[in-house]
Amino acid sequence: MTNAAADLLPATRTALSLLLLAMADDEFVIGFSDSEWTGIAPMLEEDVAMSSLAQDELGHAQALYRLLADVVDDGRDADAIAYDRPVEGYYHARLLDHPRGDWAASIARRYLYDTADAVRLEALADSSFAPLRDLVDKIRREERYHEMHMTAWLDRLASARGEPRERLLAALERLAPDAATVLAPLPNELSLVMAGIIDATGDELDARWRAKIGRVFERLNLSMVLPVADPLTARTNHSDAFRWLHGEFTAVRSAQPGATW
Amino acid sequence: MSAPTVLVDEATVRSALAEVADPEIPAISIVDLGVVERVQVGDDAIHVELLPTFVGCPALDAIRQAVEARLAEFGRVVKVEFGYRVPWTTDRITERGRRSLTASGFAPPGDDTCPFCGSGNVATDNLFGPTQCRSVRYCRSCRKPFEAIKVV
């Protein structure tokens, strides 16, 4: 069991910082993107629900950025890491580069993301890096509600006849090429497995995720081909949609340097 | 000149903290909410470890300030720390806390009855509510909407 990042081998510490950056950026980008539904979701209950989900994700991102700041220890705080990077410096999965789209697209993206994130969090539940294990324990108690809600929505759209199902299928088709990017292997992840920080490599996590969603897709008669993600491009070459989002979420920080959230 | 030493121990600090209300549900104190984990009293400083109910709870800064203000009278530096070493769960809410929640119109976690009329004929309108820790329900007997504390 390790309590301080200083006790890790340098290579392990670097790999851990990339894992934390990937997780924090994923939560930050989907949280910010989904918060755009506040005020305009298709019904009041979903307006509240999506806003609450987004607030949870931004909270997780903040806690992960804080942990990352401790691990990297280069003088930047959580806000500096979250806001003071150019578009190219963000490390979220390409799945989250897709725009929020219509309601079906947001549900499809979030379902794919939440199920993958749940697999990743489960793999960290017994992490040898205590600060991450403790945070993950807390985050999983909240994410359980997200996954429950998204599974209910996927079910609802897929089981409806006509337009809802058609829109869902169209969204899944657009997202499919990037669906597996969340769990794509990270650089030097083997050092994390060997140090007991995570319990499996990206390939193994990908297999667990496919087994899990495969059962749901089969039940709902959704036949999807989800290509294996290329680790070299899974978290780079961000889209114009993200470029726009980045302009939005850095607007206050650029207008007022040092502003806090 | 140092400040006069006030006789203070953990129990004194804990009973002072029992007067600090949760900023989002003022009917319940942070002690009854189960947010106060560790209290350590030293000659110069008081360390208080608090557990966030939800990771992104926006009330944390308000709670920190309220704790610092309440403990200021003890003449020591107050150090408030939020951590995840121990996870906050809804089991940490005390019996008195649960009664305070019901009295102010909130169903305590795991209680499936209406806080207004006691009926069990209630529906979940929304798993999510106006704050991260609450969901929205509706009583089919007295026809009132109410909020319930999410089980975590």
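Throughout, protein chains are lettered first and strands after them, A, B, ... in sequence-line order, and every chain is numbered starting at 1.
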**Q** Please determine, among His60(A), Arg140(A), Glu46(A), Met50(A), the option with the most heavy-atom pairs under 4.5 Å with chain B.
**A**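 Going by pairs under 4.5 Å, I would pick His60(A).
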
**Q** Tell me, for Met148(A) versus chain B, whether the close heavy atoms (under 4.5 Å) come from the side chain, the backbone, both or neither.
**A**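 Just its side chain gets close to chain B.
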
**Q** Which bit of Thr53(B) is near chain A, if near means a heavy-atom gap under 4.5 Å: side chain, backbone, both or neither?
**A**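 For Thr53(B), the contact with chain A is made by the backbone alone.
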
**Q** Is it the case that the ring center of Phe106(B) lies less than 6.0 angstrom away from the ring center of Phe146(B)?
**A**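 Centroid distance Phe146(B)-Phe106(B): not below 6.0 Å, so no.
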
**Q** ring-ring contact (aromatic ring centres under 6.0 Å, His included) between His92(A) and Phe28(A): does it pass, once the steps are laid out?
**A** CA-CA 9 Å; His92(A) 56 279; Phe28(A) 185 52; 9.5 Å; no

**Q** Highest number of heavy-atom pairs under 4.5 Å with chain B: which of Glu45(A), Glu142(A), Arg141(A), His149(A)?
**A**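 Of the candidates given, the most pairs with chain B belong to Glu142(A).
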
**Q** Are there more than 12 heavy atoms of other residues, nucleotides or ligands under 6.0 Å from atom NZ of Lys79(B)?
**A**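 Counting other residues, nucleotides and ligands, NZ of Lys79(B) stays at 12 neighbours or fewer.
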
**Q** For atom CD of Glu81(B), is the number of surrounding heavy atoms from other residues, nucleotides or ligands below 6.0 Å larger than 12?
**A**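 Counting other residues, nucleotides and ligands, CD of Glu81(B) stays at 12 neighbours or fewer.
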
**Q** If we define contacts as heavy-atom pairs under 4.5 Å, which of Leu51(B), Val151(B), Val152(B) has the most with chain A?
**A**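 Looking at each option in turn, the highest pair count goes to Val151(B).
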
**Q** Top residue by heavy-atom pair count (under 4.5 Å) with chain B, among Ile139(A), Leu53(A), Leu135(A), Asp137(A)?
**A**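 Of the options given, most contacts go to Leu135(A).
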
**Q** Taking the six-membered ring of Tyr83(A) (Phe, Tyr or Trp), confirm whether the NZ or CZ of Arg253(A) is under 6.0 Å from its centre and within 45° of its axis.
**A**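 Pair Arg253(A)/Tyr83(A) does not count as cation-pi.
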
